[in-house]
Each structure stands twice: as C-alpha cells, then as structure tokens.
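First the structure, in the form of structure tokens, and then the observations on it.
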2 protein chains.
Amino acid sequence: MKTLRVPEATVTRLSIYSRFLERLDKNGISNVSSGEIAEGVGVSPAQVRKDLAYFGEFGTRGVGYNVQDLMRYTLKILGLNRHWSLVVVGAGNLGFALSTYHGFNIRNFNIVGVFDSDITKIGKRIGNLEVLSLDHFPQLVQEHDVHIGIIAVPPQGAQEVADLMIKSGLGAILNFAPVALNVPDKTEVRNVDLSVKLEILTFNLALRSAQSL
Amino acid sequence: MKTLRVPEATVTRLSIYSRFLERLDKNGISNVSSGEIAEGVGVSPAQVRKDLAYFGEFGTRGVGYNVQDLMRYTLKILGLNRHWSLVVVGAGNLGFALSTYHGFNIRNFNIVGVFDSDITKIGKRIGNLEVLSLDHFPQLVQEHDVHIGIIAVPPQGAQEVADLMIKSGLGAILNFAPVALNVPDKTEVRNVDLSVKLEILTFNLALRSAQSL
DNA sequence: GACTGTGAAGCCATTCACAGCT
DNA sequence: AGCTGTGAATGGCTTCACAGTC
C-alpha cells in the first residue's frame with residue numbers, strides 16, 4: 001500500500017483552501033490560479049501547489065484550477081463527502097456554544113448529543129437537543145454511528161471523559177480542556193487551547209515592548 | 001540588540017509547561033525534571049530542555065528545576081507577570097462563552113468589554129458586563145489600556161471589526177472567524193479555527209478507513 | 001548516578017526555479 | 001505568455017548524544 005505521508009500543516013491548509021473555494025464557487029467564479037488562492041488565504045503560491053501535489057494533479061497548466069472540481073476534490077480528501085455525527089460532553093458555556101456553532105453545520109458536521117454529569121444541567125434544552133446524562137453516552141454513540149467526540153469539560157474531568165469516549169468506540173477527540181489526554185495510539189486527538197493562543201499574543205507583545213526600551 | 005528568534009512551537013509549549021508547573025506547585029511539588037515535565041505534557045525531555053534553553057539556564061544539573069522558580073520564569077517570558085485586559089466583539093454564543101470562560105481569568109486575562117453591532121444584543125448582560133454598541137469601542141479600549149481584541153463575529157463582519165480594532169490601537173487580535181484577516185505587519189493575529197481542527201480529524205479517520213480496504 | 005545544557009546530526013516543511021503543458 | 005507540477009535547495013525544528021555539573 002502506498003503510504004501517504006502528508007504534513008499536518010498541509011491538511012490544515014487544505015481545509016482552509018476548501019472553504020475559500022466554496023466562497024469563490026458561491027460567487028460564481030469558476031476558475032482560479034494558485035496565486036489567487038494564495039492571496040485569498042495568506043500563503044505562498046508554491047505552497048498551494050505543493051499542498052495539492054500530495055494528492056494528485058488537479059489543475060491545467062497555463063490556466064489554473066476549476067473551482068468546483070477542486071472544491072469537491074479537497075472536500076473529498078478531507079473526508080467531507082459524507083456527514084459526520086458529533087457528540088459534545090460538557091454543557092457549560094463553551095459546550096453550549098459549540099453545540100450551536102453554525103460553522104459546523106455548514107461543513108457537514110452534525111451534533112447529535114450533548115452530555116453532562118451535572119444533574120442541574122441534564123434535561124436542559126440546547127437547540128433541539130436535550131442535555132443527557134453520561135449513562136446514555138455509549139448507547140447514543142452506537143445508535144448514531146458517531147466517531148468523533150468533543151470534550152468541553154473542566155480539566156479535572158477531561159481524562160475520564162476521554163476514557164469513556166474511547167471505551168464507547170470513538171476514534172477521534174477534539175479536546176478543549178487544557179490538559180494532555182492519555183489515549184491509545186489509534187485514537188486521534190487534537191487540542192484546542194484557548195489560553196495558549198492568547199499567550200502567544202502576550203509573548204509577542206511583551207517581546208516587542210522589551211525591544212523598544 | 002540580541003534578536004531573540006524563538007520558534008512559535010516553543011512559545012506554545014512554554015504556555016503549556018507553565019500551566020503544568022502551576023499544577024505541580026499547587027500540589028506542593030517543589031522539584032521537577034525535564035523528563036517529568038515531558039511526561040506530563042506529552043513531549044520529549046530533550047524538547048523541554050531545548051525550549052527552556054532559548055531563554056536561559058533555569059535548572060540544576062543532576063537535580064532538575066525548582067518548580068516555583070521555573071513557573072515564575074515561564075510566566076514572565078510569556079508576558080503574564082501583569083494583567084491583560086481583553087475586549088470581545090461578537091456577543092453570540094461563542095462570544096458569550098469566551099466572555100465567561102474561566103480559563104482566561106485564571107491566567108490573568110480580564111475581559112473588560114463585550115461588543116456587538118446587533119441592536120437586539122446591545123444592553124444584554126454577560127456576567128457583570130453589558131453588551132455595548134461598537135460606537136463605544138475606541139473609548140473603552142483607551143480607558144482600559146486594552147491591547148488585545150477577540151473577534152467572535154460571523155466571517156462577513158470580521159475584517160471590518162479587525163479594521164476598527166487596529167484603528168483603535170490594539171496590537172493583537174485573536175480571531176475566531178474562519179477568514180484570513182488583512183492587517184498591517186505590526187499587528188499580531190492568531191486564528192482559532194474550530195472547523196479546521198475537526199477536519200484534521202475527519203481527514204485522518206477517512207485515511208484510516210481507506211487504508212483498511 | 002542523575003540530570004541539565006548544547007553542538008551536531010537528522011528530519012521535515014517551505015521556497016526556489018524551471019521544465020512541461022495549454 | 002501564463003500557470004501548473006516538481007526536483008533541488010534552503011531553512012527551521014526536533015532529536016541525538018555527550019560534556020558539564022551537582
């Protein structure tokens with residue numbers, strides 16, 4: 001088997017390209033060059049071409065790329081030629097925001113369950129869902145063929161939730177809790193750490209004011 | 001002047017180390033080795049030492065690092081030896097969640113203003129803040145000496161908000177809108193793109209099921 | 001003996017530059 | 001002439017391996 005080794009940064013940009021292409025398509029633009037994509041998303045043209053080259057030849061020399069075709073290819077590569085059901089654990093403010101985040105729907109993601117261990121939150125309505133006790137977690141995951149879970153609980157509870165997710169058969173976790181999760185190799189985990197991003201900003205601001213002394 | 005060129009990945013990890021060290025400190029642990037830090041946050045021991053080496057020598061050979069000292073150093077490096085006032089633009093679900101996110105307070109970040117252009121949201125209470133019209137934006141930024149703004153509006157409005165932030169004197173932006181912002185070089189921007197992270201997961205899940213055919 | 005600090009090596013991602021096609 | 005596709009060159013981050021210190 002040809003083992004496709006693609007840099008994660010490339011996958012990240014592919015996701016961004018695909019959204020940009022959707023925008024072009026919606027605006028009725030049918031052809032685009034690597035330079036225009038680069039301009040639109042803030043990378044170099046060579047980078048765009050190299051990224052796409054990992055997956056095939058999608059363009060026409062001298063002309064560029066067909067927007068609709070390339071859009072479909074990128075979506076397919078990202079696995080977005082199907083629906084994905086998601087579950088969210090944690091019905092606090094962040095969990096609520098994620099459960100109702102419109103950006104997910106647009107990209108074919110569907111939240112099918114929201115869970116919390118806090119008895120005061122169970123039964124609460126979020127959109128057309130009801131917050132459930134974690135007792136129902138494994139069953140709902142099975143019924144809806146869920147593969148991805150989102151963790152939006154405080155750090156102390158995150159590992160326990162991850163364990164439950166893995167035991168219930170999820171293959172991928174998006175973790176918003178600021179802790180390193182311990183999971184088997186086969187489980188894909190990506191962290192979104194809100195404070196870290198802010199601290200990159202403060203680092204740079206602090207550096208800058210130190211330099212101007 | 002010695003120009004300190006530090007990889008962004010190093011800054012990211014520094015932020016993670018510092019939080020881990022806070023946890024150790026809270027648990028009364030006073031000494032730690034690079035191996036223990038590595039274990040705790042999921043990187044290699046050499047990486048930990050290399051990262052710290054960008055900023056000085058903080059350990060004792062044969063012994064390790066003093067937790068409290070190293071914690072303070074890392075916080076200082078990240079610019080967290082002071083308070084930072086933040087403003088959030090966008091009082092939708094995401095803006096609301098960010099405005100009330102406890103993780104920010106813990107790290108010395110303080111949300112001092114939440115704004116929206118939607119007249120139905122203005123006046124709404126979020127914690128002890130009131131959602132304000134953008135008319136008040138420049139004034140509040142000045143009064144509270146704000147340097148960092150968070151964008152939590154739909155993609156169409158993001159660039160306009162960024163322009164206002166820059167005109168009002170902010171030096172750094174954390175952008176949750178899934179678009180590339182156009183800003184002058186001096187303005188620091190970092191993007192948090194929720195869909196992108198999910199799509200890295202679907203990419204890997206799709207890849208995996210393709211490989212097992 | 002244990003663990004840090006660091007030059008060197010290795011590895012990976014990005015950029016360059018140009019051949020190839022329309 | 002214009003733009004893609006790609007091998008080669010570059011640059012940057014991570015890992016290695018060991019000298020230095022307690």
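Every chain is numbered from 1, with letters handed out A, B, ... down the list of sequences.
- For DNA chain C, the residues of residues 11-48 of chain B within the heavy-atom distance limit of 4.0 Å (strictly under) are Ser33(B), Ser34(B), sorted by number.
- Remark: side-chain polar atoms of Asn175(A) are paired, donor with acceptor, to backbone N or O of Val179(A) under 3.5 angstrom.
- Residues satisfying the ring-ring contact (aromatic ring centres under 6.0 Å, His included) test with Phe115(A), not counting sequence neighbours, are Phe137(A).
- Asn110(A) and Ser85(A) share no donor-acceptor pair across their side chains, judged by distance under 3.5 Å alone.
- Bounding nucleotides for the chain B contact on DNA chain C, 5' to 3', at a heavy-atom distance below 4.0 Å, are dA2(C) to dA8(C).
- Summarising the geometry of Leu164(B) relative to Ser168(B), their closest heavy-atom pair is O-OG, 2.7 Å, with the distance given to 0.1 Å.
- One atom, CD of Glu57(A), and another, P of dC3(D), lie 18 Å apart when rounded to the nearest Å.
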Got a list of protein N/O to nucleotides 20-22 of chain D N/O distances below 3.5 Å?
unit_1: dG20(D); atom_1: O4'; unit_2: Arg61(B); atom_2: NH1; d: 3.4
unit_1: dG20(D); atom_1: N3; unit_2: Arg61(B); atom_2: NH1; d: 3.2
unit_1: dC22(D); atom_1: O4'; unit_2: Arg61(B); atom_2: O; d: 3.3

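- Considering every non-hydrogen atom in both Val63(B) and Asn31(B), the closest pair reads O-OD1, 3.3 Å.
- Residue whose closest nucleotide on DNA chain D sits further toward the 5' end, between Glu8(B) and Leu52(A): Leu52(A).
- The salt bridge (charged side-chain N to carboxylate O under 4.0 Å, His left out) check on Asp69(A) picks up nothing, with sequence neighbours excluded.
- A heavy atom lying under 4.0 Å from DNA chain D marks none of the residues of residues 180-187 of chain A.
- Every residue two or more places apart in sequence or in another chain was checked for a ring-ring contact (aromatic ring centres under 6.0 Å, His included) with Tyr17(A), and none qualifies.
- The distance from atom CZ of Arg49(A) to atom P of dG5(D) is 8 Å, rounded to the nearest whole Å.
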*asked:* Walk me through whether Phe58(B) and Tyr73(B) qualify under ring-ring contact (aromatic ring centres under 6.0 Å, His included).
replied: CA-CA 8 Å; Phe58(B) 305 111; Tyr73(B) 278 125; 4.6 Å; yes
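- Listed by first and then second residue, the side-chain hydrogen bond (donor to acceptor under 3.5 Å, both in side chains) pairs that reach into residues 94-104 of chain B are Asn93(A)-Thr100(B), sequence neighbours excluded.
- To the nearest angstrom, P of dT4(D) lies 18 Å from OH of Tyr54(A).
- Sequence neighbours left out, the pairs with a member in residues 90-112 of chain A that pass salt bridge (charged side-chain N to carboxylate O under 4.0 Å, His left out) are Glu22(A)-Arg107(A), Arg107(A)-Glu199(B).
- Listed by first then second residue, pairs satisfying ring-ring contact (aromatic ring centres under 6.0 Å, His included) with a partner in residues 178-198 of chain A number zero, not counting sequence neighbours.
- The CG-P distance, from Asn66(A) to dT4(D), rounds to 13 Å in whole Å.
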Would you tabulate the side-chain donor-acceptor contacts of residues 151-159 of chain B under 3.5 Å, counting partners in other chains and residues two or more places apart, or write 'none'?
unit_1: Gln159(B); atom_1: OE1; unit_2: Asn182(B); atom_2: N; d: 2.8
unit_1: Gln159(B); atom_1: NE2; unit_2: Asp163(B); atom_2: OD1; d: 2.9
unit_1: Gln159(B); atom_1: NE2; unit_2: Asn182(B); atom_2: O; d: 3.0

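- Scored by the salt bridge (charged side-chain N to carboxylate O under 4.0 Å, His left out) test, Glu8(B) finds Arg190(B) as partners (sequence neighbours excluded).
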